[in-house]
Amino acid sequence: MNMGMVFALMGAALATALPGIGSAWGVGIAGQAAAGVVSEDPDQFAKVLLLQLLPGTQGIYGLLVAFITLSNIGILGGDPVKDTATGMLYLFACLPIALVGLISAYHQGRTSVASIGLIAKKPDQFGKAMLFPAMVETYAILALLISILSVSGI
Amino acid sequence: MSDLDYIYAVARIRVKEKSLLSDDDIRRMSGMENSREILGFLSDRGWGDGSPEEDGSRMLETEERKTADLMKELKADPEIFRVLSYPRLYHNLKAGIRELCSADPPDHLYYDIEGFGREEVRRILRDKDYGALPDHMRKTAQRALETMLRTQDGQKCDLIIDRGCLDACEKAGRESGIPLLADYEESTVAVTNIKIAVRAQKTGKDLKFLKEALCPCRTLNTDILAAAAVSGEASLRDYLTNHGFAEAAEALKDSPSAFERWCDNRIIDAILPQKRNSVSAGPLIAYYLARENEIRMVRILLTAKANGFSEEDIRKRIRKMYG
């Protein structure tokens with residue numbers, strides 16, 4: 001196996017691992033807040049569940065980019081990477097979603113916790129409460145787009 | 001515990017905050033005919049144990065117990081509530097010394113505190129077993145009891161205990177590492193210092209008394225406050241106006257009840273920002289203090305109604321609520 005393949009696989013691994021870590025953290029803390037609200041007011045289950053799930057999307061985005069990468073580098077399909085430069089290209093193409101996914105999931109988790117607190121006090125403000133963590137999602141989507149376009153263009 | 005360990009607890013507290021009494025609720029209760037009507041209103045809001053023969057004091061005891069049980073259930077850092085319980089511990093110490101040195105035992109004056117109730121306090125004081133007391137209380141208890149036995153001066157004894165309590169609260173808040181607790185204890189000590197200075201000025205106490213009673217804190221220079229109190233009400237008001245307590249000076253000029261109301265409202269103002277905090281122990285502490293505040297407010301209302309106060313008189317005593 002050449003170094004190019006190592007770098008390409010490293011890109012796929014980072015795209016899966018870093019947003020996955022961020023999502024696990026974000027969904028975890030939002031879940032704690034959601035459990036707190038539901039233990040006092042079970043009627044809010046559906047609303048707080050949606051807010052809990054929002055930081056989980058980064059993990060899915062990372063998985064998607066990793067899947068496309070593996071399909072291009074000869075693991076799940078495509079031609080194997082033959083040189084170091086191409087491997088580095090895959091690594092750098094995966095970095096936007098890897099890094100932005102990690103950081104945005106962390107912050108989206110915290111914003112979801114705050115929004116769950118808002119639902120706890122004012123259940124009728126669900127629409128507004130959803131918007132705050134959804135704003136953070138924008139940057140994860142931008143990073144996902146760049147990673148997909150880059151990986152597909154190599 | 002880290003701030004993030006409180007996420008579950010804070011979310012529960014957010015739901016609980018919805019059932020706190022608001023300013024409107026208090027105003028509504030103040031306009032009710034009698035204490036029975038107030039108890040009915042509170043019972044509809046879920047207060048008490050639901051039994052029809054429940055009286056006011058039992059309902060308030062039930063509510064205090066509910067708050068304490070909730071805090072235990074939320075597994076908040078016990079250190080926080082240990083610090084907040086200092087005034088009650090020192091109150092029991094005061095009651096114990098009075099009982100020991102008095103022919104008429106005032107047993108109803110004790111707070112029911114696990115491990116520091118009437119029996120424990122009486123035993124410790126009787127045996128002079130100061131080592132069984134918390135560290136912060138030992139010297140104060142010894143000094144207060146010896147002073148009381150030697151002089152039978154209840155006022156002097158209270159002064160020693162009150163000062164010991166303020167010192168302990170200020171130190172514990174400062175060393176807790178929890179910003180809200182530090183701010184709350186600092187506010188409490190500063191407000192209590194101002195109260196002491198105002199009362200001392202009105203009763204003509206000397207500088208020696210004030211220096212012994214006032215507890216040094218970051219917000220106030222107690223030496224200058226003591227000197228201002230001795231110089232007269234105008235000097236005291238000037239000091240307060242020029243050192244960030246202009247509202248206190250205004251309230252003082254207005255009436256004693258307006259000043260007392262300012263003192264309590266200032267404490268609530270210190271905890272209000274916790275309504276916007278999603279993590280940390282701050283919202284739990286704020287909820288606990290808010291519950292104490294509303295229980296105190298209801299007690300004022302019930303007492304006022306039982307003594308036939310007019311609605312206008314009651315409204316003058318209404319404090320700001322957290323809910």
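Every chain is numbered from 1, with letters handed out A, B, ... down the list of sequences.
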Would you say that more than 12 heavy atoms from the other residues, nucleotides or ligands in this model lie under 6.0 Å from the [atom1] of [X], or not?
X	atom1	result
B:K275	NZ	yes
A:K121	NZ	yes
B:E64	CD	yes
B:R28	CZ	no

- Item | Top contributor to chain B contacts, counting heavy-atom pairs under 4.5 Å, from A:A120, A:A114, A:P123 | A:A120

- Note on the structure: Highest number of heavy-atom pairs under 4.5 Å with chain B among A:G117, A:A34, A:G31, A:S39 belongs to A:S39

- Query: Are B:L4 and A:Q32 close enough that some pair of their side-chain heavy atoms sits under 4.5 Å apart?
  - Reply: no

- Query: What pair of heavy atoms forms the shortest contact from A:E40 to B:V15, and how long is it?
  - Reply: CB-CG1, 3.5 Å

- Note on the structure: Scanning both residues in full, the closest heavy-atom pair of B:A11 with A:A33 reads CB-O, 3.1 Å

- Query: Who are the side-chain hydrogen bond (donor to acceptor under 3.5 Å, both in side chains) partners of B:D23, not counting sequence neighbours?
  - Reply: none

- For A:Y61, side-chain hydrogen bond (donor to acceptor under 3.5 Å, both in side chains) partners two or more places apart: A:E137

- Portion of B:V10 that has a non-hydrogen atom of chain A nearer than 4.5 angstrom: neither

- With side chain to side chain contact (heavy atoms under 4.5 Å, CB included) as the test, would you mind laying out the steps for A:I116 and B:R14 before giving the verdict? CA-CA 9 Å; A:I116 288 169; B:R14 288 287 171 256; over 6 Å; no

